[in-house]
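Model, not experiment: these values are computed from the prediction. Chain identifiers are assigned alphabetically (A, B, ...) following the order of the sequence lines, protein sequences preceding nucleic acid strands; residue numbering begins at 1 within each chain.
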There are 2 protein chains.
Amino acid sequence: MAADSDVFKALGDATRRAILDELTDKDGQTLFEICGRLTMKHGLASSRQAISQHLAVLEQAGLVRTRRQGRYKFHHLDTEPLRAIVERWPIDREEPNP
Amino acid sequence: MAADSDVFKALGDATRRAILDELTDKDGQTLFEICGRLTMKHGLASSRQAISQHLAVLEQAGLVRTRRQGRYKFHHLDTEPLRAIVERWPIDREEPNP
DNA sequence: GTTATAGGCAAGTCGCGGCTTGCCTGTCAA
DNA sequence: TTGACAGGCAAGCCGCGACTTGCCTATAAC
């Protein structure tokens, strides 16, 4: 379903946002690849199961799509659900006059 | 400071999003006014203290600014912090071709 | 075959966040 | 001055979510 609520909940966690950052940097990574990168860059707690559960949340929110291939599962970023939440409140796009 | 983390955390709660919706509909409301409206429209749990704490979170995130006047405290929406989070990930703005 | 790799599932722990409860401060009207 | 109204503060309860632990399945390499 990917309700707005799920999207906001998914974005509410710092580790999940870091995962989205990672997929933005390199799309189509596997679970272990993401784990490795997260432990490298950020000092985030990133055990395999933790990341797996985070990915499940992101997938349910529609922010991540998966593609199975053999024993690998590639994760792809999908920013489409972000459009709805972006347009929810009026955002001033103009720069403040100095 | 209003770190990105605070903004996402603030947006993670449904009641707080409803408050932002309310302020979008009518800016500059007081605490009791918001309480009344929330109980009207949504069946959300919206005791005075609960809403007060939610407003504190929104204020810390920079999404709400307050203005004191006598015994009233008016709450104003500020969508500026949303700009940063909107631009964090690439969002496809084109409509899908039908 | 056997072993290592990539991932899944389920139960359990634990801290944080949302909400309540109770009481207090400050402002306005009578 | 007294009472009603708008809001604040602090401690406590409690459920949910993040993380772990342990074990299991499946694909690929040897």
Can you tell me how far [atom2] of [N] sits from [atom1] of [X], to the nearest Å?
X: B:D13; N: D:dC16; atom1: CG; atom2: C1'; answer: 12 Å
X: A:I51; N: C:dA6; atom1: CD1; atom2: P; answer: 16 Å
X: A:R67; N: C:dA6; atom1: CZ; atom2: C1'; answer: 15 Å
X: A:F8; N: D:dG17; atom1: CZ; atom2: C1'; answer: 19 Å
X: B:L55; N: C:dC19; atom1: CG; atom2: C1'; answer: 15 Å
X: B:Q60; N: D:dG8; atom1: CD; atom2: P; answer: 15 Å
X: A:K73; N: D:dA28; atom1: NZ; atom2: P; answer: 16 Å
X: B:Q53; N: D:dG12; atom1: CD; atom2: C1'; answer: 12 Å

Sub-3.5 Å donor-acceptor pair from the side chain of [X] to the main-chain atoms of [Y], do we have one?
X: B:R16; Y: B:L11; value: no
X: A:D27; Y: A:L77; value: yes
X: B:S52; Y: B:R48; value: no

In Å and rounded to the nearest 0.5 Å, what is the [atom1] to [atom2] distance from [X] to [Y]?
X: B:E80; Y: A:I91; atom1: CD; atom2: CD1; answer: 10.0 Å
X: A:S47; Y: A:Q53; atom1: OG; atom2: CD; answer: 8.0 Å
X: A:L23; Y: A:L55; atom1: CG; atom2: CG; answer: 7.5 Å
X: A:L31; Y: A:H54; atom1: CG; atom2: NE2; answer: 11.5 Å

Which nucleotide, [options], lies nearest any side-chain atom of [X]?
X: B:T30; options: D:dA6, C:dG18, C:dT21; result: D:dA6
X: A:S47; options: D:dT20, D:dG7, D:dA18; result: D:dT20
X: B:F32; options: D:dG7, C:dT20, C:dG7; result: D:dG7
X: B:L31; options: D:dG7, C:dC19, D:dA18; result: D:dG7
X: B:H54; options: C:dG18, C:dG8, C:dG22; result: C:dG18
X: A:A50; options: C:dG8, D:dC19, D:dC9; result: D:dC19
X: B:R48; options: D:dT20, D:dA18, D:dG8; result: D:dG8

| request: Might you work through the side chain to side chain contact (heavy atoms under 4.5 Å, CB included) test for B:V64 and B:V57, ending with a clear yes or no? | output: CA-CA 9 Å; B:V64 163; B:V57 174; over 6 Å; no
| Below 4.0 angstrom from OP1 or OP2 of D:dT27, is there any side-chain N or O of A:R68? | no
| salt bridge (Lys or Arg N to Asp or Glu O under 4.0 Å): which pairs involve residues 53-79 of chain B, sequence neighbours left out? | B:R65-B:D78
Would you tabulate the pairs of protein nitrogen or oxygen atoms and nucleotide nitrogen or oxygen atoms of nucleotides 25-28 of chain C closer than 3.5 angstrom?
| unit_1 | atom_1 | unit_2 | atom_2 | d |
| --- | --- | --- | --- | --- |
| C:dT27 | O2 | B:R71 | NH1 | 3.4 |

| task | Could you list who else is in B:Y72's hydrophobic cluster, with ILVMFWY side chains joined at under 4.5 Å, directly or through other members? | result | B:F74
| said: Nearest heavy atom decides the nucleotide; on that basis, is A:Q49 or A:K9 closer to the 5' end of DNA chain D? | reply: A:K9
| salt bridge (Lys or Arg N to Asp or Glu O under 4.0 Å) partners of A:D25, counting only residues at least two apart | A:R37, A:K41
| said: Please give me the minimum heavy-atom distance between B:W89 and A:R17, naming the atom from each residue. | reply: CZ2-O, 3.9 Å
Taking only N/O atoms, report every protein-nucleotides 1-3 of chain D pair under 3.5 Å with atom names and distance.
none

| What bend angle does the helix from C:dG1-D:dC30 to C:dA30-D:dT1 show across its length, from five-pair end axes and to the nearest 10 degrees? | 20°
